[in-house]
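Throughout, protein chains are lettered first and strands after them, A, B, ... in sequence-line order, and every chain is numbered starting at 1. Quantities reported herein were computed from a predicted structural model and do not represent experimental measurements.
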Amino acid sequence: MLPLIAWRNIWRNKLRSAVVLLAIALGIWSGIFASSLMQGVNKQRNDGIIKEQISHLQIHAPGFQDNFEVNKNIKNPEELINEIEKVKSLKAYSPRVVSGGMANTASSGAGVMINGVDPELENNTIGLSKYLVEGKFLEGAKKNPILIGQALAEKLNLKLKKKIILNFPDKNGDIVAAKFKVVGIFKTNDSRNDGLTVYVRKQELANLLGLENEIHEIGILLEEDDKAEVVAANLQTKFPEAEVKSWKAIMPGLDLANKVAVRMNYLLLLILLAAMSFGIVNTMLMAVLERVREIGMLMAVGMSRRRVFVMIMLETCFLMLLGAPLGMFIAFLSIAYLGKYGINLSQYGEGFNAAGIEPVIYPSLDFNFYLIVIMLVLVAAVLSSIYPARKAISLKPAEAIRKL
Amino acid sequence: MKEIIQIRKLNKTYNPDTVPVHAVRDINLTICEGEFTAIVGPSGSGKSTLLNLLGGLDNASSGEVIIDNTNIMEMDENDLINFRLQNIGFVFQAYNLIPVLSAKENVEFIMLLQDRPKKEREERVKSLLTAVGLGDRLDSRPTELSGGQQQRVAVARALASKPKFVLADEPTANLDTQSAETLLDIMERLNKEEGMTFLFSTHDQRVVNRARRVVNLVDGSIESDIRKE
């Protein structure tokens with residue numbers, strides 16, 4: 001009968017209970033929704049960087065990334081590529097010839113990373129064609145077409161079909177100057193990358209560098225993010241002379257940001273739950289103080305202190321367990337809806353692009369987070385019931401019965 | 001008759017270290033099974049304090065309250081709660097029913113605390129509420145009952161645990177004449193027919209008139225103890 005009494009007790013003051021339930025639901029909703037926003041932004045940022053820039057895995061000759069030296073390359077990569085094609089979760093791969101250099105026009109110049117790519121393989125791997133704002137993906141010029149980012153185009157005052165001179169060292173250390181024709185301009189969500197990276201045809205760049213069958217980098221895109229470590233380890237075992245890195249090793253900051261974001265989510269939730277718990281303690285304390293005589297009577301007629309404690313605890317838990325699922329359900333619906341249609345923050349687009357984030361945010365949340373919320377709510381419910389319940393059992397029946 | 005309550009040299013002093021108030025002084029009293037006793041006296045004479053001490057709701061400053069060979073003054077709080085549950089029925093001046101439970105549930109609640117089987121509970125609830133004239137109001141909540149009816153539910157609740165005696169603190173104080181008479185009729189009948197021992201604290205003349213023993217308290221001491229024939 002204790003659960004029945006506790007259940008009915010919480011509806012004695014319907015308005016107060018409704019306000020508390022609403023406060024709990026709103027608190028839980030805001031905690032979960034804010035977390036889903038943070039996770040959504042993070043996921044988009046991850047996806048953007050992994051799927052449009054670095055890929056899940058990169059393979060280089062050891063030390064190449066230290067100073068992008070032309071001669072630190074992968075020779076005869078066919079065997080390696082054959083092995084990559086056997087990877088079960090492989091989505092796409094792209095062999096690249098890479099060089100750091102200067103891009104010059106008549107009026108200006110800028111440091112760039114020159115990626116020599118096979119257009120089809122590269123597009124399958126980083127999907128750049130969807131970010132083309134002008135022109136085509138390395139088509140439209142018989143010789144030396146180049147694809148540049150909008151940020152670079154603006155910086156160098158370049159337009160489609162204009163010429164650009166790239167200077168870079170060849171395999172002998174001599175500076176090569178080559179003229180390229182702008183055939184396409186792209187704009188991704190990362191304006192910093194747009195101002196730095198240019199794409200040319202792999203064979204043309206290899207010829208200019210004096211390379212034959214060598215490449216500098218293979219970018220590999222997998223079906224799932226979390227397969228990267230295993231695939232990297234397998235390939236590394238098979239090709240110990242190469243340097244195989246997963247996205248976590250390529251960009252440790254990205255993984256760190258993910259971990260920090262997860263911890264921030266939990267911290268936010270804990271703060272909200274703590275705030276809610278104080279509200280609930282206050283409400284339950286009021287409920288106990290309003291029922292001093294009744295609680296005194298219960299103890300007078302033989303209800304043990306343990307049972308009184310459990311009754312108050314149940315009342316508190318019922319409030320939490322009604323409000324929290326309501327908040328979780330509203331959060332689930334909002335995340336499902338906005339996860340599909342997104343929250344358009346284009347008016348702040350520049351800031352997002354500078355941070356490499358798409359201005360339309362799609363909230364998303366792991367199912368596990370909901371389970372953790374349930375556990376934390378249960379803990380908060382039990383903890384917040386302790387003080388009011390202790391207050392209730394500290395009453396002396398003879399005194400309590402006389403209270404008005 | 002069997003003695004069920006023995007009070008020996010019972011004293012209760014409030015604020016013993018500051019301004020001592022001697023609510024109960026050196027009381028010796030024996031209550032026998034089947035008695036219908038009223039403890040009377042003016043306000044502040046110690047009636048309620050004495051009843052609280054008898055019910056184990058308060059601690060004495062000195063003395064003994066022996067119920068069924070057990071000195072309840074020596075029991076700890078948890079044992080006392082269980083002792084009250086098994087041995088004493090309470091009726092309070094302000095009824096003190098659980099407002100969220102129906103009449104039936106209020107009575108059944110005590111037996112649930114005693115872990116009585118469901119069948120026994122259901123039968124006893126029905127028979128008790130019928131005995132107090134509320135057989136047709138089993139599902140009514142306290143707010144749907146008059147004061148007299150609530151107090152009758154309280155009597156049924158007090159009897160539900162099959163106590164050795166019932167302590168009733170000013171049970172008629174909040175009732176109109178008709179309700180008070182009905183309540184007293186019921187308690188008198190339960191006393192005569194079932195031998196239930198009742199001990200009232202009251203200054204209601206209607207209760208005094210019905211009582212077969214009247215203990216008069218003045219300033220915490222027994223001034224007279226009269227058994228009516």
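In this structure, chain A has a heavy atom under 4.5 Å from the side chain of B/Phe90, while its backbone stays farther away.
A salt bridge is defined here as a Lys NZ or Arg NE, NH1 or NH2 lying under 4.0 Å from an Asp or Glu carboxylate O, and A/Glu224 with A/Lys227 meets this definition. Ion pairing of A/Arg8 with B/Glu105 is present here, as a side-chain N (NZ or NE/NH1/NH2) and a carboxylate O approach within less than 4.0 Å. Contact check on B/Lys126 versus B/Glu108 returns no salt bridge, with no Lys/Arg side-chain nitrogen under 4.0 Å from an Asp/Glu carboxylate oxygen. Ionic pairing of B/Lys118 and B/Glu123 is not present here: no N-O contact between side-chain nitrogen and carboxylate oxygen is shorter than 4.0 angstrom. B/Arg25 has no carboxylate O lying under 4.0 Å from a charged side-chain N of B/Asp219, or vice versa, which leaves the two without a salt bridge. Ion pair B/Glu120/B/Arg124 not flagged as a salt bridge, since none of the NZ, NE, NH1 or NH2 atoms sits closer than 4.0 Å to an Asp/Glu carboxylate oxygen. The pair A/Arg291-A/Glu315 meets the salt-bridge criterion, with a side-chain N (NZ, NE, NH1 or NH2) lying under 4.0 Å from an Asp/Glu carboxylate O.
Of all the listed residues (B/Ile110, B/Leu57, B/Asp58), the one sharing the greatest number of non-hydrogen pairs under 4.5 Å with chain A is B/Leu57. In terms of heavy-atom pairs under 4.5 Å with chain A, the best-connected choice from B/Ala158, B/Pro99, B/Gly55 is B/Pro99. Among B/Leu101, B/Leu97, B/Asn96, B/Leu112, the residue with the largest count of heavy-atom pairs under 4.5 Å with chain A is B/Asn96. The choice from B/Asn82, B/Asp169, B/Ile98 that makes the most heavy-atom pairs within less than 4.5 Å of chain A is B/Ile98.
Annotation: residues 295-307 of chain A contacts chain B through A/Met297, A/Leu298, A/Met299, A/Ala300, A/Val301, A/Gly302, A/Met303, A/Ser304, A/Arg305, A/Arg307 [non-hydrogen atoms, separation under 4.5 Å].
Listed for the A/Gln39 side chain is no donor-acceptor partner under 3.5 Å among the backbone atoms of A/Val262.
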